[in-house]
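Each residue takes its place number in the sequence, starting with 1. Counting convention: from 1, in listed order, for ligands and their atoms alike. These numbers come from the heavy atoms of this one structure, side chains and all, not from hydrogens, waters or symmetry mates.
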Amino acid sequence: MKILVTGGLGFIGSHTVVELQNQGFDVLIIDDLSNTSLEVLDGITNITGKVPAFEKLDLREKNKVQDFFRRHVDIVGVIHFAASKAVGESVENPLLYYENNISTLVYLLQELQKKEEASFIFSSSCTVYGQAEKMPITENAPIQTAMSPYGNTKQIGEEIITDTAKVTNINAILLRYFNPVGSHPSAEIGELPIGVPQNLVPFITQTGMGLRKELSVYGDDYPTADGTAVRDYIHVVDLAKAHVIALQRLLNKKNLEKVETFNLGTGTGSSVLEVIHAFEKVSGQKLPYKIVGRREGDITSAYANTDKANNVLGWKAQSTLEEAMASAWKWEQKVRKAK
Ligand code: WQD
């Protein structure tokens, strides 16, 4: 069974390729290499001993997408990661996001609808909930007006898939990630942000390595236990395993609806200060940080109600925040030593 992983050399994509290979799937990766490098292919191979097939492809080129599917008629499932994902950048350059995150999804689905049947796993995000009223957040929480074009592309993407699945042989599962963190325990693959990290954990590990002077904590005046914002930090390997389980659910026709939605989190909220303390504990070093003003567009709190993922999907996150931070730190040290 050949599985296509778009964006398969990215952070979550590469970890998912490893888990797919571990389960015996024949994996084909496409990636435009805009936010990653071919070295990730070696990292994957070093872990699994199997070299995944790879083709460099920009999904915005419709004719190349059509040609690709003509050459690979044996693809039975797609896990679609390929997208731009920087919230701030999406505000500055919305059309880049609408083209790269929406047009590409349409071209992919236009090819999949030609097949007898197709299983489609979509990388969505808890960002579709905005600031949810009730914690923990269930899949029935209302979708609120997106806080950024990036978040809007996830909402629109879910709608496009839902409308398409209704009238085609495509079955889909929408996976709404909370905050993916950490790295594979082998330290062969991990998060490798280009430039100044926007996300908390890579900024912490780079500060720990002395690459950044200090972490800026964006606000300590939130209505939370310690005043800093709360998120649900989920280990990327746990997240990757959920993708394989979701794909197998569709391939084995266990899905109850044409489109199913699952929140993927640990179910536990952690504040920024708690993440800092977890890092200090696992690294044995103090992290230099300063409290600054809130970041535009940030919400106070988001963490998942994981009942549906646990009971229906049959998946549960295994790693703790400290284990995730330890893996992120091990990866950062390995990457910097290699430089
Ligand atoms: C986490 C917390 C910040 C950096 C975004 C997207 C989401 C997903 C993950 C793509 C917040 C605080 C951060 C820093 C800080 N992206 N922070 N100092 O914003 O929850 O989610 O990234 O799929 O869709 O919305 O993640 O890691 O940026 O921030 O204090 O230097 O850390 O304010 O409270 P976020 P994040």
Side-chain angles (χ1 to χ4, degrees), residues 7 10-13 15-16 35 80-91 97 100-101 122-132 135 137 143-144 146-155 157-158 174-182 191 193 195-208 211-236 239 243 263-266 269-279 287-304 321 324-325 328:
F11 174 40
I12 306 168
H15 286 83
T16 302
N35 194 22
H80 181 42
F81 293 104
S84 301
K85 59 149 224 155
V87 174
E89 182 187 47
S90 78
V91 175
Y97 275 69
N100 197 38
N101 294 9
F122 181 62
S123 165
S124 190
S125 168
C126 64
T127 204
V128 302
Y129 299 116
Q131 176 53 73
M135 293 297 135
I137 304 173
I143 303 298
Q144 301 197 67
M147 311 266 275
S148 68
Y150 160 74
N152 205 22
T153 65
K154 291 302 179 184
Q155 292 181 9
E158 291 193 357
L174 313 174
L175 297 177
R176 291 175 180 163
Y177 313 154
F178 282 67
N179 286 56
V181 293
E191 192 167 10
V196 179
Q198 297 306 303
N199 294 129
L200 177 65
V201 171
F203 202 105
I204 287 178
T205 55
Q206 287 190 16
T207 303
L211 289 164
R212 308 285 163 201
K213 181 169 156 293
E214 62 187 355
L215 171 74
S216 297
V217 174
Y218 296 143
D220 68 347
D221 58 349
Y222 284 99
T224 62
D226 63 18
T228 62
V230 171
R231 298 289 186 275
D232 185 334
Y233 296 94
I234 173 170
H235 196 296
V236 65
L239 197 57
H243 286 74
N263 284 347
L264 297 182
T266 65
S270 302
S271 72
V272 176
L273 288 178
E274 285 172 326
V275 176
I276 291 172
H277 298 147
F279 171 77
L287 186 87
Y289 68 87
K290 69 173 186 260
I291 306 289
V292 298
R294 294 184 180 190
R295 178 172 65 177
E296 184 63 30
D298 274 355
I299 58 172
T300 301
S301 176
Y303 54 95
L321 176 64
M325 294 309 289

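If you number the atoms of ligand 1 from 1 as listed, the ones under 4.0 Å from a heavy atom of Q198 come out as 4 (C), 28 (O). Interface of A229 with ligand 1, defined as ligand atoms under 4.0 Å from a residue heavy atom, comprises 34 (O). Near V217, with a cut-off below 4.0 Å to any heavy atom, the atoms of ligand 1 are 30 (O). Near V87, the atoms of ligand 1 lying under 4.0 angstrom from a non-hydrogen atom of the residue are 6 (C), 25 (O).
Polar contact with ligand 1: absent for V272 (N/O pair, distance under 3.5 Å). Geometrically, ligand 1 and D298 share a nitrogen or oxygen pair separated by less than 3.5 Å.
Remark: the Y177 side chain and the S123 side chain contain an N/O donor-acceptor pair separated by less than 3.5 Å. When only modelled atom types and interatomic distance are considered, Y150 and E89 share no side-chain donor-acceptor pair under 3.5 Å.
In this structure, the protein non-hydrogen atom closest to atom 28 (O) of ligand 1 is R295 NH2, 2.8 Å. At the top of the distance list for atom 23 (O) of ligand 1, counting protein heavy atoms only, stands Y150 OH, 2.7 Å. Counting only heavy atoms of the protein, atom 18 (N) of ligand 1 lies nearest to S216 O, 2.8 Å. For atom 36 (P) of ligand 1, the nearest protein heavy atom (residue, atom name, distance) is N199 ND2, 3.4 Å.
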Test side chain to side chain contact (heavy atoms under 4.5 Å, CB included) applied to S216 and K290, step by step: CA-CA 5 Å; S216 297; K290 69 173 186 260; 3.8 Å; yes
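Within the structure, the closest approach of Y289 to ligand 1 does not fall below 4.0 Å when heavy atoms are considered.
Counting non-hydrogen atoms of other residues, nucleotides and ligands closer than 6.0 Å to CD of E296 gives a total of 12 or fewer.
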